[in-house]
Amino acid sequence: MHDEGSGFPIVWIHGFPLSSAVFERQTSIAGFRHIRPDLPGFGRTPPDGTDASMESYAREILAMLDEKKIDRAVIAGLSMGGYIAMQLLRDAPQRVAGLLLIDTRETPDTEEGRAGRLKSVADVEANGIGSVVESMLPKMTYSESLQPEVRAIMETSSKEGVIAALKAMASRPDSSHTLRNAHVAALVVVGDRDVITPPSDAERMVATIPKAEMAPLARAGHLSNYEGAQQLNPIITAFLARHVLRPEHEA
Ligand code: MLT
């Protein structure tokens, strides 16, 4: 886990099959404390040998906040990290000061999507994470030149972590109701070339969340915060200044 900078805390929750490294380009956002956990079985965190769910991931984040004696934080989630951010909002809304929902969606898996996950589980159990990496890598970024570094991040994922996350994502609940009742402002970020969670997902979330702003990033794929960091970081700074640091100025 990385804990850098000082100021209001932002917890950055990574996607699948990735690690906290995918948010390295956000740590230059000044005036905030950037906390970047690696979920169990990803990056530098070893697998914990238990089944995972969005609830268990959210509990891990809350336990980490308790340990650091942080009451409230901005919760930022990329893709699967967004599913966890929505779970956190459901379970402990009082701990969430604002949301950054990056290339994610509030809807659960379709039957077809779930079946695909379970097929991947069987494949990873038999052959390791290689096929998951190979099939997802081309969809992660718009620019092919980023693939070697993204592959290196993906390859820090453990077989156990990948299996646990696939099962957790397959059984995740619908978060539409949670977003409809969200009491905090949300910045909904999406790469305009995202083929995993396309702009239509972001548009639907913006229409659902009472206080939401959309941040489409040009020429960016699924890892839009990574690929489009130069576009995104000033947008995040302005959004947090308006809604989290000086919320009394809100209309
Ligand atoms: C992710 O980036 O976390 C995954 O693509 C999410 C998913 O497969 O639903």
Side-chain angles (χ1 to χ4, degrees), residues 12-20 22 37-43 45-62 75-92 99 101-140 150 153-180 188 190-191 194-198 200-202 204-205 208 221-223:
W12 299 95
I13 311 173
H14 64 77
F16 169 89
L18 298 156
S19 79
S20 56
V22 78
D38 286 324
L39 295 167
F42 294 94
T45 303
D48 61 9
T50 63
D51 284 346
S53 60
M54 292 308 137
E55 287 100 322
S56 73
Y57 288 140
R59 266 199 310 275
E60 299 258 351
I61 305 287
L62 289 170
I75 305 295
L78 165 64
S79 200
M80 180 177 80
Y83 311 156
I84 301 169
M86 293 177 226
Q87 183 71 42
L88 242 156
L89 186 67
R90 189 152 51 242
D91 293 347
L99 280 173
L101 297 174
I102 308 165
D103 297 84
T104 188
R105 60 162 65 98
E106 80 292 22
T107 49
D109 276 2
T110 59
E111 276 309 314
E112 193 190 349
R114 210 167 285 138
R117 303 262 196 218
L118 300 182
K119 207 159 152 267
S120 297
V121 167
D123 187 47
V124 175
E125 272 167 353
N127 307 309
I129 69 165
S131 62
V132 168
V133 172
E134 294 316 319
S135 66
M136 290 192 75
L137 187 60
K139 301 184 204 153
M140 287 299 200
V150 173
I153 297 174
M154 293 169 100
E155 286 178 345
T156 63
S157 307
S158 70
K159 182 173 165 175
E160 294 83 352
V162 166
I163 291 170
L166 282 167
K167 291 182 181 168
M169 288 193 287
S171 62
R172 75 182 188 280
D174 189 339
S175 290
S176 306
H177 181 76
T178 307
L179 292 192
R180 208 168 293 122
V188 179
V190 66
D194 186 348
V195 292
I196 296 181
T197 47
S200 54
D201 285 335
R204 194 184 53 242
M205 287 192 290
T208 305
H222 188 54
L223 307 188

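Numbers here are sequence positions counted from 1.
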Mind checking the [atom1]-[atom2] spacing from [X] to [Y]? Nearest 0.5 Å is all I need.
X   : Y    : atom1 : atom2 : answer
L39 : I13  : CG    : CD1   : 7.0 Å
L88 : T178 : CG    : OG1   : 11.0 Å
M80 : L166 : CE    : CG    : 9.0 Å

Write down the atom of [X], the atom of [Y], and the distance for their closest heavy-atom approach.
X    : Y    : value
A164 : T50  : CB-O, 4.5 Å
L101 : L179 : CD1-CD2, 4.3 Å
S157 : V162 : CB-CG2, 3.8 Å
T45  : P40  : CG2-CA, 3.8 Å
M140 : F16  : CE-O, 3.4 Å
A52  : A168 : O-CB, 3.5 Å

Can you find a pair of side-chain heavy atoms, one from H14 and one from D38, that are under 4.5 Å apart?
yes
Side chains of P17 and F42 in contact at under 4.5 Å (non-hydrogen atoms)
yes
Pairs involving residues 157-175, ordered by first then second residue, that meet salt bridge (charged side-chain N to carboxylate O under 4.0 Å, His left out) (sequence neighbours left out)
D109-R172
Run the side chain to side chain donor-acceptor pair (under 3.5 Å) test against E134 and tell me which residues pass, sequence neighbours left out.
R151
For T104, which residues count as a side chain to side chain donor-acceptor pair (under 3.5 Å) partner, sequence neighbours excluded?
none
Applying side-chain contact (heavy atoms from CB on, under 4.5 Å), run through M136 and I196 and close with a yes or a no.
CA-CA 9 Å; M136 290 192 75; I196 296 181; 4.2 Å; yes
Which residues pass the salt bridge (Lys or Arg N to Asp or Glu O under 4.0 Å) test with R90, not counting sequence neighbours?
none
My understanding is that only residues two or more places apart in sequence, or in another chain, count here; which of them pass salt bridge (Lys or Arg N to Asp or Glu O under 4.0 Å) with E106?
R204
Can a side-chain donor-acceptor contact be found between D103 and H222 if the only test is distance below 3.5 angstrom?
no
Can you pull the side chain to side chain donor-acceptor pair (under 3.5 Å) pairs that have at least one residue in residues 122-133, sequence neighbours excluded?
D123-N127, D123-S131
Does D201 offer a backbone N or O that forms a donor-acceptor pair with the side chain of R105 under 3.5 Å?
no
Between L223 and L78, is the side-chain contact (heavy atoms from CB on, under 4.5 Å) condition met? List the steps.
CA-CA 8 Å; L223 307 188; L78 165 64; 3.9 Å; yes
Report the C-alpha separation of Q87 and Y57 in whole Å, then their side-chain angles, then the decisive distance to 0.1 Å, and conclude whether the side-chain contact (heavy atoms from CB on, under 4.5 Å) test is met.
CA-CA 9 Å; Q87 183 71 42; Y57 288 140; over 6 Å; no
When you look at M154 and I129, which way does the side-chain contact (heavy atoms from CB on, under 4.5 Å) test go after all the steps?
CA-CA 9 Å; M154 293 169 100; I129 69 165; over 6 Å; no
